[in-house]
Structure formats: C-alpha cells, structure tokens
Amino acid sequence: MINKKTGGIVALFAILIATYVVVEREPVHEGSRDLVLPRLSDAGSGSGSAPGTAASATAAALKAAGVAPPDKPGAASEAVPLDAKAVPLDAKASYSADPVVDPMGAINRVEIARAGERLVLERRGDDVWELRRGSDAVAGQGAETRHAVRADTYKVTAMLRLFTSRNESVFSTPAQGQEDLRYYGLDDASRIQVSLYRDGAVWLSMVIGAAQTSDEESNEKDTFVQRIEDRGQGGEPGAWIYRIQGRDLRAPFEKSFDELRSKKLFAFDKDDVVEVQLARREPGPDAAMVLRRREGADKAQDATWTMVKPAGYRASPPTSYLSTLANLTVSGFAAEAPEEARLSEPRLRVTLVLADGSKRSLAIGEDVDGEVWVRNTTGHDAADGASKGEVARISKYTGKSLIKGAFDFRDKKILADFTTPGRLISLHLGELSMTSDGDHWRVASPSAFVAGKDEVAKLLKAIDGFAVDSFFAEAPPLA
C-alpha cells in the first residue's frame, strides 16, 4: 500500500520525466527560424513562402514567455466543415496595412495532394470553380482526369480566406527524420501538400501537418507546416517544421472530392433555355413533348413559348420548371443506383437545349427509401439512353415535382384568346346574350339595353382568368 507521501513523490518523479521527454523532444534551437506566410494582399509581388527576417513582436513575446508546442498531435485533425461566411478573420490582420486582395480574383488554381489522392480546383468565373481528380498523389505530376464537376464555391473561399490574414510561426525546429514527421503529422501518410496559383504561377506551396487545439477555452488551433523548399523530396533531416499560431490550416483542405464538389447538379441560366424536351416511360398522348421558345423572344418572364409536340395546344411558360432544374441540388452521389431505381428505363427523360446549342439532360428514376434516383446524362449520345452519366439522389418532393407531361405545360387559361379586344363579338352566358358592334355591347335578352362598359370589362377579365386545374386524355369516371 503506497502512502500519500510516497505517492506524491512518485507523481512528482513522473512529471519530471515527462518534462524531460518534452524538452528533449522539442529542444530550443539557437538558430530557430521564423515563418510568415504571404498574404493575398502581397500576391502581386510574386513572393513565395519565404521566412520572415524577424518575428513579429507577438511571436517574440510568446517565445520569450516559453511557449512550447502542444502535446503530441494526432496524425490528422477532424475535417471540420467551414462555411466561408463563418470563417473569422484573425485579429492579427491589423498588423499589416496592405489592402487585402479579393481571393477569388487573385488565386485561380488550387492543388491539393495527400496520400493516394490529388485534387485540382480551377476558377472558371467569378463564382465558379471546377473540381477534378489527378491521377498522381504528388502535386504537379501525373495527368489530370478529364471529368470535371462544379466545386462548392463556399468551401473554396474558406481555403483562400485563411491567407487573407497574417499567418506566422511561434515555434520552429528542424526535423530529425521520419519519426519527427510522423510526430507532427507531416509524414507521407498524413501530410497535405497545398499549392496556390495566381495567373499560372505558384503563389504559395507548402506541406500542412497536424492541427491541434492550443486554447481549450476558445478552441483555437495551431497548425504544423513545412515549406516545400525546405522539405525536399523526402522530408530529409534538417527540413524545418513551423507551428503557425491560431489558425487551423488543415481542415478546409482535408475534404474529399465528394465533400468539395457542389451539390448543384447543373450550371446554366434558366433564361438561356430555348427548348424543353420530355419523354415519359408510360405511353399516352402527352408522353412526349417539345416546348420551344419563340424565335427572337428575349430573356424575359413573358417570353412566348410554343408547344411543338403534341401540336395544336397553347403553351404556358415553363418558368418554374426551369428554375427547379437550374437550381437542382442533390443529397448525394453514388457510383451506381440500385436496380429498383430503374434508371435503365427511367420514368422521365428531360433534355434542355440552350441558346448556344449546348444541352443538359437528366434521367429520373424511381423513389427508393424516400429518395428519387437520377442520372445526369449530359454529354452522352441519345443512343446511350440513361446508361451513362453520373448517378445522384434527390428528395422525393423534388423528384415528384419534376415528373411532368405535355398536358402539364398547356395553358390552363382555356378562354384567354377569345377575350382579345376586337375578336369577341358575341357572348352567351345562360339566358344572357349580348353582341358587340366594336364600340358598345348590346344585350339582346332577357331584355334589350346597352351594357355598361365597366361591367363588361369586369366580366371579360373574369372569363380571361378562368383556368382549369388539369387536362386528361379521357374523362375520368364519375365518382
């Protein structure tokens, strides 16, 4: 039985040993270096990730106070989803008087490489980033895949916002070999190599290691990094390791391909659509439809649409339907759909023709476990049917709203054409019968008189607004 005095001595001895191990592990080097990452406000100068000539007053004060690295970090931090709008700008931004450059305009390419995966992000517009996989895990090597998808702009912005504030080291040590690299999450299995490009030239390239909470109260994290210039090909001994204070540089870059891609299935403006084609699986008079915007119609809400197939019907502008497709967001992607989704013979095939001649197409399958399966068949020949293209899931409600036929796009105001001024010359409603001579309406029965102009206008407006709920190929049986 160990008494309290003996237990206290043992505990003190254990603390001394732990302190010795930490001091031995994290020695203070007389030739320690300081690293200040470039800010996007300095991107035009072409500066890379060169170390600063002197530490800031804050960094020097922290070192003088004996700030040491945190406990041994794990191989990787959790991938915390960061929304660009919620990324706080570090208070240290006030250290620099340089104006901050808009990150979306300054950086036009981001490469992310980690064990077994390389991702490339390229800016294609002010708010459009394209995401593709690389075939090699090392940035700058290997061919990129041709298949590209739209990236989540907010998540890309979260990456770039990290560099709009001052990022500086408060500790540095030369790596003693692979054991040190594993210790700091900078070994090949754990590291993330990031390269940012501006106008085709590398603006910043570095290796990101582990991030660990340094302040439990604020949940602030520090990140261990290496410069590409220091690291060399194998992270050989002597490559310096820096601890960047108060910034989790890892989490935004730790996301997978599926996490970085936008969940928005298409990228087009609904007002650019000039033709809508629908083909339903179930046969019927409205199983196939072609709607075409009148040639010369501007991008306007009142653009004229014609129902080409089936012919003989007035069309209602498909504004709401096109808006749903233009903003279609999926709940997830998958390599294949379950057999019961029946994507090989979908319930509906939708093809949109844009003003530039390009097409967007979608095959809509069945509801499986509360979600509707779809396949983006854009870019595939009609001969492929719905067998090629990316598979995704959408909500049951959205899927139901997209299943339409020709009759759903017929103009429901079945009497609207007849109330056109100058066209309607007689009107019979029950016992009421009246005719127009162009200037006045005269009631013939049940008694003869000249109808009031305002009263007739109200009546014609009511007739013009009369709309049916739906159309049927055959009258449904009476209840």
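In this text the structure is predicted, and so the values were computed from the model without any measurement.
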Is there a donor-acceptor contact under 3.5 Å from the side chain of [X] to the main chain of [Y]?
X: K155; Y: E259; answer: yes
X: R294; Y: T306; answer: no
X: S361; Y: T377; answer: yes

Is the closest side-chain heavy-atom distance between [X] and [Y] below 4.5 Å?
X: V149; Y: F333; value: no
X: M159; Y: L121; value: yes
X: F171; Y: D222; value: no
X: L328; Y: L362; value: yes
X: L196; Y: L160; value: yes

task: Determine, for E179 against R182, whether the closest basic-nitrogen to carboxylate-oxygen distance falls under 4.0 angstrom.
output: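 Judged by the 4.0 Å cut-off on N to carboxylate O distance, E179 and R182 do not form a salt bridge.
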field: E282/R280 ion pair, N-O < 4.0 Å
entry: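 Result for this pair is no, no salt bridge flagged.
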task: Please test R342 against E345 for salt bridge (charged side-chain N to carboxylate O under 4.0 Å, His left out), starting from the C-alpha separation and ending with a verdict.
output: CA-CA 6 Å; R342 299 185 66 183; E345 43 180 1; 2.8 Å; yes
- prompt: F409 vs Y321 aromatic rings, parallel, tilted or perpendicular, using cut-offs 30° and 60°?
  reply: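 If you compare the ring of F409 with that of Y321, the planes turn out perpendicular.
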field: Partners passing salt bridge (Lys or Arg N to Asp or Glu O under 4.0 Å) against E340 (at least two apart in sequence or in another chain)
entry: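 Per chain and number, E340 pairs via salt bridge (Lys or Arg N to Asp or Glu O under 4.0 Å) with no residue.
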field: Listed partners of F253 passing ring pair (Phe, Tyr, Trp, His ring centres under 6.0 Å), at least two apart
entry: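 So F253 forms no ring pair (Phe, Tyr, Trp, His ring centres under 6.0 Å) with any residue.
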field: D356 atom CG: more than 12 heavy-atom contacts under 6.0 Å
entry: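 Buried by this count: over 12 neighbours within 6.0 Å.
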query: Just by distance, with hydrogens left out, do S256 and D258 show a side-chain donor and acceptor under 3.5 Å apart?
result: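 No, no side-chain donor-acceptor contact under 3.5 Å.
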task: Please report the shortest heavy-atom distance between P317 and W305, naming the atom on each side.
output: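 That would be CA-CD1, 3.8 Å.
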